[in-house]
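The structure appears right after this line, and notes come after that.
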Amino acid sequence: EKGEYRHFMQKEIHEQVRSLTDTLAGRVDFDEGTIRLPQLNLTPELARRIQRIYITACGTAAHAGMVGKILIERIARIPVEVDIASEFRYRDPIIDADTVVLAISQSGETADTLAAMDESRRKGATLWAIVNAIGSQAMRIADGYIAMQAGPEIGVASTKAFTAPLVDLYMLAILLGDLRGTLPETERKRLVADLRLIPDLVSRCLDREAEVVQVAREMRYIRNILYLGRGINMPIAYEGALKLKEISYIHAEAYPAGEMKHGPIALIDRDMPVLAIAPKDPWYEKMISQIEQAKARGGSVIAVATEGDERLPALCDHIFWVPDAPWMLSPVVTVIPLQLFAYHIAALRGLDVDQPRNLAKSVTVE
Ligand code: F6R
């Protein structure tokens, strides 16, 4: 039941402190600085043999996969491609016995994702899945899986089943890096120790909900908006834009910020607000210059910024503050105000947040 909340989506956004605590439980040994993912059936021999990983998924799950690509490449030095399942299944991808195909799915029943898994199986890949629904088809057909600890998700717009796989992928990258010897022990211990911060960081984002509501109130009648991000937060631009369009029916478009100059900057004027994801991560300076360019063209800018940032307030019209987080975990934090923003705009518009038009929770047809 919804309890004190008006909609399941809002309840599920707030459940993320718990779901992320559960995600760590039993998997992280903080004393040893190690990760355990027994259901993945990942042997040291397999870890060393992997030549390539394809992550395949749809929608929000694919956005989690885009973050996972950066984490696995950075930490385990394995090439990763992210493929939208409906494309992957018909592309005749190059797969052999040293390829891992990793499907990500909340429902574990998405037709395109399951078809991509079947196709990969036929070609001889090792099949992994990160799945929320226990006993679902994706979980059953995989050689190994990570069970997301999101708990049942009822709102059609996925929220807690986005942040759970982000942390699952971070843990997977550490485990792979450790087994392949690409991750030095001191570095591994530091990355594992950072996991302990997550529930509190997310809780501090949620504490700022009232500030997000204020901006949502002011912006609820916009017709268009551009979401920009770079590096590990580029997928968060896509995810933030998807959340807004699916429940508020506002046209939101996402771009890797560096692509602006190759065309989309022509869109920016006073009627095209920009939402820039600009925490203190390694791409911060690049985001600042992007924001300056948007401002110079009259656009109003909302930034997701790290608490204590002294440059963005002077540049931006609104700020969604997030606590300082280790950069590899920052997407878990930066997405929270964007979930809240989409939720409150839709709620203020009086829309059916949990059952948006034309959408189903699980897409079991092609
Ligand atoms: C967006 C959303 C969809 C799903 C997509 C994949 O909020 O819910 O984009 O993420 O349909 O669904 P699963 O994860 O069940 O495979």
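Counting convention: from 1, in listed order, for ligands and their atoms alike.
Every residue meeting the side-chain contact (heavy atoms from CB on, under 4.5 Å) condition with Tyr90, not counting sequence neighbours, appears here in chain and number order: Glu366. Every residue two or more places apart in sequence or in another chain that forms a side-chain contact (heavy atoms from CB on, under 4.5 Å) with Asp143 is listed here: Arg121, Thr126, Leu127.
Residue-environment remark: CZ (Arg74) stays at or below the threshold of 12 foreign heavy atoms within 6.0 Å. In this structure, Glu259 places its CD atom where more than 12 heavy-atom neighbours from other residues, nucleotides or ligands lie under 6.0 Å away.
Taking a heavy-atom cut-off of under 4.0 Å, ligand 1 is surrounded by Cys58, Gly59, Thr60, Ala61, Ser105, Gln106, Ser107, Thr110, Val156, Ala157, Ser158, Leu242, Lys243, Glu246.
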Less than 3.5 Å apart, which donor and acceptor atoms pair up between the side chains of residues 355-364 and the rest of the protein, not counting sequence neighbours?
{"unit_1": "Lys361", "atom_1": "NZ", "unit_2": "Glu153", "atom_2": "OE1", "d": "2.7"}
{"unit_1": "Lys361", "atom_1": "NZ", "unit_2": "Gly155", "atom_2": "O", "d": "2.9"}

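Between Phe88 and Tyr54, the ring centre distance stays below 6.0 Å.
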